[in-house]
Amino acid sequence: MIEDKKESESYVGKSIRAKEARAPLIGKAKYTNDYTFSGQLYAHILRSPHAAAKINSVDVSGAKKVSGVHLAICGQDVFNHTNGITDHLNPAIFGGKSTRLPCMAVDEAWCYGQPVAIVVAEDERTARYAASRIQVDYTPLEPIIDVEKAVAKGARSVVPGWEDNTLIYVPFMNGDTQAAFDAASHVITTDVKIHRFSSQPMETRCYNAIWEHDTESITLYGTCQNPHPLRLVIAETLRMNENKIRIIASTIGGAFGLKMHGHPEEPLICLMAKLLGRPVKWVESREECLLIGAREQQHKVEMAFDSDGVMVGLRDNVLANIGAPSACPGWGMVFLTGLTMPGPYKVENIDVHMNAVTTNKPSWNAARGYGKESTAIALELAMDNAARQLGISPIDLRLKNFIAKDSFPYNSPTGLVYDSGDYSGVLLKALETIDYQGWKDKQAAALIEGRYLGIGVAFELTPEGGTIPGTMVAGYDSSTVRVGPDGTVRVLTGITSPGTHNATAMAQIAADELGVDIAKIEVLQGDTNASPYGFGNYSGRSTIVGGGSVALAAQDVRAKINAVAAALLEVEPDTLNLVSGVFSSSAKSDATLTFAEVCYASYTRAYDVAMCIDPPLEATRTFKPPGIRHTPDENGRINPYPSYSNAVYVVVCEVDTDTGKIDLLSLAAAHDCGKVINPILVEGQVCGAFAMGLGGALSEDIQYDANGVQLTKSFKDYVMLRMADIPPIGVAHHDCPNPDNYLGLKGAGEAGVGGSAAALVNAVNDALEPLGVLMHEMPLTPSRVWSAIQNANNGEGVN
Amino acid sequence: MSLHPMYARPRDLEQASQLLASLSSGAVIIAGGQEIMPFINYGVMMPDVYVDIGGIKALKGVNVNDDEVSIGALTVHRDIQSTEDIVERLPLLAYAAQQIGGGWQVHNRGTIGGNIVSMHPLYDIAPALLALDADVELLSDKGLQRMSLLQLQNDSSHGLGSSSILTKILVKTMLPNVLWGYYKLKNSAGAYGSANAAAVIQMDGEKIKSIRIVIGAVSETSVVISKALDGYLGGAYTLEIGRAIEKVCIDAIDEPLSDQQGDGVWRKAMAGIAARRATEMALSNLTTSSIKR
Amino acid sequence: MEDLLDTSALIQLRVDGEFHELDVLAGRTLLDVLRDDIGKKGTHLGCKTGHCGACTVMIDGKVAKSCITMAATLARAEITTIEGLLDEKGGLHPIQQSFWDEAGLQCGYCAPGIVLSALELVTDNHHPSAEDIELALAGSLCRCTGYQSIKRSVAEACVRMYPANENIN
Ligand SMILES: Cc1cc2nc3c(=O)[nH]c(=O)nc-3n(C[C@H](O)[C@H](O)[C@H](O)COP(=O)(O)OP(=O)(O)OC[C@H]3O[C@@H](n4cnc5c(N)ncnc54)[C@H](O)[C@@H]3O)c2cc1C
């Protein structure tokens, strides 16, 4: 329920209705595709039907003949007009490989769906029809689809000229892992397979580029999470100056990482507009959106325990099938999966090997969790497996191995510095929320009736607000707070919103800092010509750095307003009171001034009473979370995250052993995101991530056939959960404020996909333990669960 | 394949059939569009001519003549679920129509005729109608023709959708002593069926007099199983009989489908489970009251 | 026979109370006509295969997916889009208000379709159970909320619209 703020109370901490949620409800929000300009043209992209093929020739003449077509060009022509796409994260910076990333395939297609030619026409239907008239002569090559084949000796290189297919190998090693394993009482190995599933926002990508004839510049209306950095990419790729590009990210219909940039269509559509001098729009189809992969990793997790069940060593070897090279930051997820090891567990000796392997599958982009969800899946499946093998309850094993709450700040063996936390407290809170013991009793009773209930828990540590040195993934951000002569407030910020209502959170902060009614605040995001330089949204950073910078700027402006108010009232600033938009002073009982009057005076009386300030009432400030450390420590390690949110997810399910189908019965999450600015918004983030993780664990799966041809082309096959699938979710908070960040913020948007997926798998394994079933390969489709049941029980199945 | 397809909206059946006869190949009948529009949107299908049958009155409405229910091909799923005559006389069909995916949006526009003509292996209407031994009526240049749905399913020359029109579905009212069940196994709420089974059982007191089971979503076309079940008639239902039915139904599947919902081995096994569950649902005496309108 | 054929069809739509006579090309979707010809941008494109429900509108009072409805087949129809739900004074419909209050949306892309499905539900059913709500909204996907707040919003709307309803959940 929405709460009302009482006078003298603050907005922060209240469930304030999101101002920006009204427009979509009345159909007036402006998503990128809602913009149409005079002279609007539409693009359609012809894509490779082969995973790997030589392109012998592309004949666009058939398309050009179709009436209504303005342009039809192939990869070679586009190549001549452009540079390679600037990497979002260049793997070479980290010792990996890099290659020129063309907007379209030129003489070789390296994955199914890679752009091969593009048509621009009067309308979409004509463009698509004309594209079907393009003749491409391919010589198919043997595709490399399987990650093991890709790393096998002598495998063909996906990228001509590379000596092997490993884009990057990153080891994370600490302590003496070999010795720890040698001395251990138990070593438990868990092979975890995470499949390809991506974030699939309801709004697909859309780019609408305009060539501005007067200034010879480009305006791009685009579904992008990081408008300012994208500006540089477009400029470099199109060989233009960065100041000739303007990006407008209007209302975004969900992003979850998929709209971070590096996509070939971004510069490509801009180029079309430039070549034609007309606005050109491209709307991604769902089939195209399903080309974007993420998360496909296989782990070999080995955990060494002493005789008390204390983890003494951790090994993992990870092969990630990241698909073809791409300028998108997807591959970085692999790096993060390793960096976040060993999550919440106190173990010094680690030996983790991350291999990001290039194949002829389509490439990844970032997806909610950014690799940290995969850490959680691997670790939490392994922990449950260990608990089972050791004969300890999965709860006790975790409690025994968590980093203790008095050990923060905690130096992780990969070099991270965890700011704060009470992991045991979060776990216990989650168990209480779900009524763990109650469900355990029900489980036992059900088993007697031959029904298989399971309860699974999983922890997810989600470092938030990340930044990587030398890249446009920055840790800081900036905001401007501008108070007008009428006392209304404009907040401009470099932070963008993927649809999470972070503008409301920033407005709450600004309203409190300025002492104004939140209705007087407008937040503007996403226009590079208006907002101060910023990095947009990713890594659960928006409220941490956006909120922090808004607070700093608002404090500066408030100081100016206070100074003028004090001058007008002829009192000392520290005697001022601002209540309901009216200034008064404890030093002068009768005199009052409205906030608006003070603001007006600040603008108009610069040479007398307002002499004490620099007009206008405006400040731009940057928040640089202090927890980040980019100077390498003695082992060369950095701490790229300022904040370590964490959570526990609990899933209760019942498995139908006849069919393998999983029914969800109850769900709960307890999390620590630091100070909660707006409970109803945070709850929404938790529940949304929960559903996404469950969908991933149960059914969402992007499949390719053995030749690398896309099988999953629509929501018919990429099955996301619907309302009826998801029981009520209990959400609890167990907050340990971040000691370094404004208000103790930790980030609330990114966490949950891995923890919830892992909890589901653990719940299913718990349910089927009496049958001897143990599964560590996702997704747990009924057919997979059923086969596991058949194969356990000596092929007898259940009776 | 045309960028600028033609469109026609015939007034009545006569005009429609004349029009279809006059058109060479490339014509596509459109009813609710729920099936073909996705293909058109993606350019997978680019017909030269659309023949919109939506304006033809003769294809609408549900009528009862003696004990036969006649359902116009344009009847939408939502009406199948709620029309009194269907709910009372053909509760199995009403229930199966309710299991269709896509939500109310699809139920409000998708027609029973379009569903049948699509002949999509995963759909729900055919198994239900086959269990009820339904007939269909076709109109082509050969005139009106009545045949069983089973016959239609095995006839590849019917020309439905381009040269002939499915006009109505004719089903005998279910007798009061007939029990029915429909079980749809789907991986999650938004998934298509992985195994759909319709069961129609006639009882003689406690004893099973006849059983007819139809399995959908497991093979390319629905499989009707009745004779093979003869050995289990004459007695009361027991779990053993249930298991035996399960086995018969599994054995009846020769070439199981394999898709993203699940592989063939599982599908085949699920044919049995769905059949047994449909049977058990029937025997638990499910009445029309469980149908949500 | 040939005279029956044309590359377009004349249709008459009353959209959110406003009359439109349009000559639409065969094969075009109602979604495209609403968005591009009539300017109803509140109706969204999400998948073009009928699965996601972002394009949901009402045709003659019943929800439909406008992306898989061919405009030419609607010779005469009454269309309600999300933009037609406001009252004469521009006030929110109670369902819209409840969605706003209960955070029944985040990015908002699916919200118009979900609100219209909820409207069809509560018009006939003043006391929907949780299961009724699940059934009525089965045609829509939401990627942000995990549906919790959506369910709450629909229930809350019923309480507000039919005040005798306090006990539903
Ligand atoms: C998201 C989604 C989920 C679905 N899930 C299910 C499900 O779970 N179970 C299920 O059973 N169905 C399901 N369906 C399919 C739906 O039920 C059918 O698409 C629908 O019934 C088709 O009817 P229509 O009138 O819209 O067909 P149209 O698209 O108009 O036509 C379909 C085909 O039939 C032909 N045709 C139509 N009417 C006639 C006629 N009278 N005579 C001759 N030819 C004709 C057309 O030429 C075309 O080839 C789903 C559909 C969608 C979009």
Side-chain angles (χ1 to χ4, degrees), chain A residues 1-2 15 17-18 20-31 33-34 36 123-125 199-204 251-256 283 285-287 497-501 680-681 683-692 694 714-716 720-726 728-729 731, chain C residues 25 27-28 32 35-36 40-54 81-86 90 92-93 95-97 99-112 115 130-131 133-135 137-152 156:
Chain A
M1 261 312 261
I2 292 294
S15 288
R17 193 189 288 120
E20 61 272 40
R22 188 173 188 274
L25 276 170
I26 59 171
K28 292 298 181 194
K30 292 199 89 172
Y31 299 92
N33 190 16
D34 298 340
T36 305
D123 59 76
E124 260 183 290
R125 172 149 97 160
S199 45
Q200 298 302 315
M202 297 321 301
E203 176 204 40
T204 57
T251 306
I252 302 279
F256 315 107
V283 183
S285 70
R286 185 56 63 183
E287 185 175 331
S497 170
T500 55
H501 302 158
I680 202 168
L681 298 186
E683 188 208 286
Q685 292 301 310
V686 175
C687 294
F690 215 135
M692 211 177 247
L694 294 171
S714 76
F715 286 150
K716 176 168 184 285
M720 313 203 299
L721 297 189
R722 294 191 184 242
M723 186 184 267
D725 293 312
I726 304 173
I729 304 177
V731 179
Chain C
L25 286 177
R28 283 187 79 210
D32 286 349
R35 285 180 58 85
D36 300 342
K40 297 286 182 181
K41 305 279 191 190
T43 306
H44 300 143
L45 180 161
C47 70
K48 277 190 176 175
T49 56
H51 291 93
C52 81
T81 79
I82 191 67
E83 294 166 60
L85 255 55
L86 300 180
L92 297 184
H93 187 283
I95 300 178
Q96 292 170 313
Q97 187 66 48
F99 270 74
W100 195 16
D101 291 348
E102 296 293 338
L105 71 159
Q106 285 174 30
C107 80
Y109 204 74
C110 69
V115 167
E131 205 186 317
I133 298 174
E134 286 163 7
L135 214 60
L137 302 192
S140 291
L141 285 168
C142 167
R143 200 51 164 165
C144 298
T145 61
Y147 304 103
Q148 305 289 309
S149 59
I150 295 178
K151 217 184 245 185
R152 199 169 63 214
E156 175 63 20

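Just so it is clear: chains get the letters A, B, ... in the order the sequence lines come, proteins before strands, and each one is counted from 1.
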Is there a donor-acceptor pair closer than 3.5 Å between any side-chain N or O of [X] and the backbone N or O of [Y]?
X	Y	result
A:Arg286	C:Cys52	no
A:Glu203	C:Tyr109	no
A:Arg17	C:Trp100	no
C:Tyr147	A:Ala691	no

Check [X] against [Y] and note the closest heavy-atom contact, atom names and distance.
X	Y	answer
C:Gly46	A:Thr204	O-CG2, 4.0 Å
A:Met723	C:Ile150	CE-CG2, 3.5 Å
A:His501	C:Gln106	NE2-O, 2.8 Å
A:Gly253	C:Cys107	C-SG, 3.3 Å

Pairwise distance [atom1]([X]) to [atom2]([Y]) - rounded to 0.5 angstrom:
X	Y	atom1	atom2	result
C:Leu137	A:Arg722	CG	CZ	11.0 Å
C:Asp101	A:Ser15	CG	OG	11.5 Å
C:Gln148	A:Glu683	CD	CD	7.5 Å

| query | A:Glu20 versus chain C, heavy atoms under 4.5 Å apart: side chain, backbone, both or neither? | reply |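 No part of A:Glu20 comes within 4.5 Å of chain C.
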| task | Against chain A, label C:Leu105 side chain, backbone, both or neither, depending on which of its atoms sit under 4.5 Å from a heavy atom there. | result |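 Contact with chain A: backbone and side chain both.
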| By a 4.5 Å heavy-atom criterion (distance strictly below it), what part of C:Ile95 contacts chain A: side chain, backbone, both, or neither? |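 Answer is neither: C:Ile95 stays 4.5 Å or more from chain A.
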